[in-house]
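Start at 1 and go down the list; that is how both ligands and their atoms are numbered.
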Amino acid sequence: MRRSCTTRILLLVCALASIARAETGYDAWLRYEPIQAASVRALYDRLPATIVALDNSAVLSAAETEMLRGIRGMLGRTLRVAATVPSEDSIVLGTIASIQRVFPKLAERRGLTPDGFWLDSTALDGHNVLIVAGLNDRGVLYGVFALLRKLSLHERIDELDETESPIAPIRWVNEWDNLDGSIERGYAGRSIFFENNHVVPDLSRAGDYARLLASIGIDGCTVNNVNANPRILAADFLPQLARIADAFRPWGVRLSISVDFASPKTVGGLDTFDPLNARVANWWREKADEIYRAIPDFGGFVLKADSEGRVGPSVYGRTHADAADVLAQALRPHGGILIYRGFVYNHHMDWRDLKNDRARAAYDNFHSLDGKFDENAAVQIKYGPIDFQAREPVSPLFGALEHTNETIELQITQEYTGQQRHLCYLVPMWKEVLDFNLRVNDGDTPVKDIVAGRTFHRPLGGFVGVANVGRDPSWLGNELAMANLYGFGRLAWNPDLTARQITEEWTRSTFGNDANVVDTVMNLQLESWRAYEGYTGPLGLGTLTDILHSHYGPGIESAERNGWGQWIRADHEGIGMDRTVATGTGYIGQYPPQVAAMYESLATCPDNLLLFMHHVPYTHLLHSGKTVIQYVYDSHYEAAEEAQQFPEWWKTLRGRVDDQRYRDILAMLEYQAGHAIVWRDAICSWFLRVSGIPDAKGRAGHFPNRIEAESMQLNGYTVENVTPWEDASGGKAIECREPSKSCSAQFIFDGAPGWYDLDVQYFDVNTGAAEFKVYVGHQQVDYWTADAQLPATAPNGDSSTRRRISGLALRPKDEIRIEGIPNSGDTAAVDYVETVLRKAQ
Ligand code: GCW
């Protein structure tokens, strides 16, 4: 009695906990929201009540459990689990082979490739049978997720007969997690895998993550940073890794790891790591054998070598193929894969030499090695030749390896695209990349077909997304950013899906089927990349961010005059890298002839890549008829204005989305709107100063209603220069540098009487949490703590933040005073205040 009561209480607690947890974003697109509308429920009236799995492997059990969970959630029914096919209507899960054994009369299904599935609602032996069949177990699991997706999209399932197979075998995510628990370029908290140089004791999140991955067809996860800690291969670490693999296994996700090329020496104690040395080859072989004894379904290794300070084969004068092959051969007997990163370049390049060009590096390093990589090795190529910028042309290396397996590397974690604080939905960009026709050998050769191995009939190939989820409840630190993870998986499965299709699927399963919600969220998502590109870096310049540190806020000249090679070559007359064959670095010549001809000529080079390919004067006329400089001003003003609308669109969903996600997302979009203005002003001010050409529309450099903090009456605050200058209005901020004091800045309002928004632009550094109070006369009208975790220790474009105090009734001669209370290195810095009239009174 007592026991059953406890159990019941426990169940209730768990159920409540899962309701409470449901809207933190943790369940992402697998919410299985109850279907309320009778007309929709009626679609599933004839869904069989009984389910049977024809095998009891871990993956099939997970598939069955998922089916129960989904039907329970969406229809409120608990399916009966049968051990054998019952003599009533049923849902049957199994591999094609086992299904055909049970139903010999069933028509044969051909044409599936591994991981593919077949959904069939049919009548057999007088009963309705809903078959979820896969070529392998993983395929069955994917079939279950596909079926549940149909329910969450309110689609019919009573006349199904469809098959799907993935375009490519490699559909992996890379996580750049360090063994100490930090994550390189991770923006959502610490690692779900590691802490203190150990695997964490509780791997339930790793399992839940694998479930999310499986639901979108991802079959592999590399758990540690490509800048690999050699300890990953230490003997005592292996059992820990095996625990992660155990957590992944029911979901058909294979574990793989990044390795350090010097491991034979650092871990193995050899005196060399020369890939052509027999003892080294032997060490890798034994290491692989040892790993497979502990993890029989281990996926393989990822290797970053000779790049950004990582050691590589060049130490011994060997090639990238030599390095790849020694590892590939060790993995081969076990069916493992070696992925070699193509992101190899010299980061100490002489910027004074106008012929130097980092964009050339991947092609220059790899194309002559074509055909030298083993069959179970693949070269992993970032989509663009530089580094995950908001816009880049596709890497010419994709078209240059006809006898080598390739994977494309896309970045889900938004390193250069707003770090999940900005909404920047990348599926439209990825679609452009994947659909881009490189015209290799004058053929029809879109990137998606090349990397899938179709174009050159390669045995391997595929898609890798750098995901970097963290311990934040919403996995990526922002519920809307999860659409990038979802979209990556869907494209890796089928790159022919349209951006709209993917977005709609994600939106409906994440937020429900309310038409207003669906429209608004889809618009936000689908507009966001264009807007982000528009206010950060136009015309192919890349994201004009601080490339030396944060990769976040504006930092234009950080790209210039250093060895990193992200140069934009701006001077007083013009801007852009000349990458032509005729007069520039020759990069354009790395493309097949038709594409090269398009980029080489100013007449045919698309505007959105103009400054990536050419150096032109600011007065150069674009195809659109605008000058380059006017385009820069216009795009920044228009895109920043669009970002101001994002929170307004979202506000129309109040009451239609659960409160927590409504508030979280609103706060994020409001922050983004403010930061878009920081970007707009930084870039426009910089171009105005450097080019000396004014904005024809009179906006750049003119800020009506703005009162610079340095012009206010200051008490305790001192005026300081901000670096780079364009990151603060007027190049200056005020800071309260005496830790023991509070400081104040005040001014007299001289506008017309009315209702105003008062925007306080302040700097939120992450060393401490300063406090701010704002007064109108004697009345305190706002208070906040600057405790956001932005990537900045000083006032600059990373920390610049807008606080909007809306609905203030102001009168001429009102004294407006800001009081800043510094805290632990956070100097309560302020840039300016703007008063925006909303309604005259
Ligand atoms: O984009 C750069 C990142 C590095 C990263 C590197 C890479 C893991 O800034 O943080 O290192 O690329 O892709 O190897």
Practice problem: Number the atoms of ligand 1 from 1 as they appear, then name those within less than 4.0 Å of a heavy atom of Arg185, with their elements. | Solution: 3 (C), 4 (C), 9 (O), 10 (O)
Self-check item: Those atoms of ligand 1 less than 4.0 Å from some heavy atom in Asn227
Solution: 8 (C), 11 (O)
Self-check item: ligand 1 contacted by Gln411 (non-hydrogen, < 4.0 Å)
Solution: no
Self-check item: For Asn225, atoms of ligand 1 separated by under 4.0 Å from a heavy atom
Solution: 8 (C)
Quiz item: Hey, which atoms in ligand 1 end up nearer than 4.0 Å to a heavy atom of Asp387?
Solution: 1 (O), 2 (C), 12 (O)
Quiz item: Does NZ or CZ of Arg358 come closer than 6.0 Å to the centre of the six-membered ring of Tyr587, within 45° of the ring's axis?
Solution: no
Quiz item: Do side-chain atoms of Asn468 reach the backbone of Arg185 as a donor and acceptor pair under 3.5 angstrom?
Solution: yes
Quiz item: Looking at Tyr535 versus Tyr532, is the centre-to-centre ring distance below 6.0 Å?
Solution: yes
Quiz item: What are the atoms of ligand 1, with element, lying closer than 4.0 Å to any heavy atom of Val226?
Solution: 8 (C), 14 (O)
Quiz item: Against heavy atoms of Phe343, which atoms of ligand 1 measure under 4.0 Å?
Solution: 6 (C), 7 (C), 12 (O), 13 (O), 14 (O)
Quiz item: Judged by atom type as modelled, is there a donor-acceptor pair below 3.5 Å linking the side chain of Gln380 to the main-chain atoms of Thr407?
Solution: no
Quiz prompt | Shortest reach to atom 12 (O) of ligand 1 by a heavy atom, considering only Gln389, Lys382, Arg310, Glu409 | solution = Lys382
Practice problem: List the closest protein heavy-atom neighbour of atom 3 (C) of ligand 1: residue, atom name, distance to the nearest 0.1 Å. | Solution: Glu415 OE2, 3.2 Å
Quiz item: How are the rings of His422 and His675 set relative to one another: parallel (under 30°), tilted (30 to 60°) or perpendicular (over 60°)?
Solution: perpendicular
Practice problem: Please check if the distance between the ring centroids of His320 and Phe366 is under 6.0 Å. | Solution: yes
Practice problem: If the plane angle is over 60° it's perpendicular, under 30° parallel, otherwise tilted; pick one for Tyr383 and Phe388. | Solution: tilted
Quiz prompt | atom 6 (C) of ligand 1: the protein heavy-atom neighbour that sits closest, reported with distance to 0.1 Å | solution = Glu308 OE1, 3.2 Å
Quiz item: Donor-acceptor pair, Asp219 side chain versus Arg171 backbone, under 3.5 Å?
Solution: yes
Exercise. Find out whether the Lys NZ or Arg CZ of Arg254 is both under 6.0 angstrom from the six-membered ring centre of Phe248 and within 45° of the ring's axis.
Key: no
Exercise. Number the atoms of ligand 1 from 1 as they appear, then name those within less than 4.0 Å of a heavy atom of Arg341, with their elements.
Key: 7 (C), 13 (O), 14 (O)
Self-check item: Option of least heavy-atom distance to atom 14 (O) of ligand 1 (set: Glu184, Gln380, Lys304)
Solution: Lys304
Exercise. For His551, take its heavy atoms, then give the atoms of ligand 1 lying under 4.0 Å from any of them.
Key: 9 (O)
